[in-house]
Amino acid sequence: MKDLTNEKIALRSLFKHLTDGGFSIKSVEPQDVEEDEDILPVTKDTTFDQIFDHYFVYDDDYILTVEKDGKTARILQTWYGGVEGLYSNSSSHKDIYDDLDKVSDDWYNEMEEKEIQWD
C-alpha cells in the first residue's frame with residue numbers, strides 16, 4: 001500500500017491555512033466526477049480523516065470548494081509532481097481571490113520549508 005504520510009501532512013496543513021485565512025471547506029470532489037455520490041459535502045461534523053479517506057479513494061485530481069464571506073472558490077488540486085502541483089489553480093470570486101492567493105503562498109512556503117514531496 002502506498003505511504004500517504006506526506007499527502008496527509010500536506011492536506012492537513014492546507015486545511016489549516018484555509019481555515020486560518022477565514023475560509024470554510026464546503027466539498028471535496030474528483031475532477032472528473034460522474035455521479036453526485038462522488039462529491040463529499042463537508043459539514044461542521046465532518047472529520048479530517050473522513051475527508052482524507054474520501055480524497056484517496058480515487059486516483060484523480062480533486063476540487064475543493066471553499067467559502068469566505070459568502071463567496072466561493074473552487075480549487076483544483078493535483079497530487080502529481082510534488083508540492084508545486086498540489087494547489088495549482090482556482091476559480092474564485094474576485095473579492096476573495098487575494099486572500100486565497102495569500103493562503104496558497106503561505107501553505108506552499110511551509111511545504112517547501114518542510115521539504116514535503118512524494119511520488
Are the side chains of Thr47 and Phe52 in touch, meaning some heavy atoms are under 4.5 Å apart? no
Please walk me through it: do Asp49 and Lys8 pass salt bridge (charged side-chain N to carboxylate O under 4.0 Å, His left out)? CA-CA 9 Å; Asp49 286 335; Lys8 197 166 200 170; 3.3 Å; yes
Applying the side-chain contact (heavy atoms from CB on, under 4.5 Å) criterion to Val103, which one of Leu18, Ile96, Asp98 satisfies it? Leu18
Let me confirm one number: the CD-CD1 distance from Glu110 to Ile9, rounded to the nearest 0.5 Å. 10.0 Å
Rounding to 0.5 Å, atoms NZ (Lys102) and CG (Asp20) come to a distance of 10.0 Å
Give a yes or no on whether the backbone of Phe15 and the side-chain of Thr19 come within a donor-acceptor separation of less than 3.5 Å. yes
Are the side chain of Trp107 and the backbone of Ala10 linked by a donor-acceptor contact shorter than 3.5 Å? yes
Can you measure from CG (Asp99) to NZ (Lys71) and round to the nearest 0.5 angstrom? 10.5 Å
Of Thr46, Thr72, Thr65, which is the lone residue that meets side chain to side chain donor-acceptor pair (under 3.5 Å) with Ser27? Thr65
Mind checking the OH-CG spacing from Tyr108 to Leu14? Nearest 0.5 Å is all I need. 14.0 Å
So, do Ile75 and Val66 sit near enough that their side-chain heavy atoms are less than 4.5 Å apart? yes
What's the separation between atom CG in Leu64 and atom CD1 in Ile25, rounded to the nearest 0.5 Å? 6.5 Å
Sub-3.5 Å donor-acceptor pair from the side chain of Asp101 to the main-chain atoms of Tyr97, do we have one? no
State the CZ-OG distance between Arg74 and Ser92, to the nearest 0.5 angstrom. 12.0 Å
Do the side chain of Lys68 and the main chain of Gly21 share a donor and acceptor less than 3.5 angstrom apart? yes
Side-chain donor-acceptor pair present, Ser24, Glu67, cut-off under 3.5 Å: no
With a 4.5 Å cut-off on side-chain heavy atoms, are Val28 and Val42 touching? yes
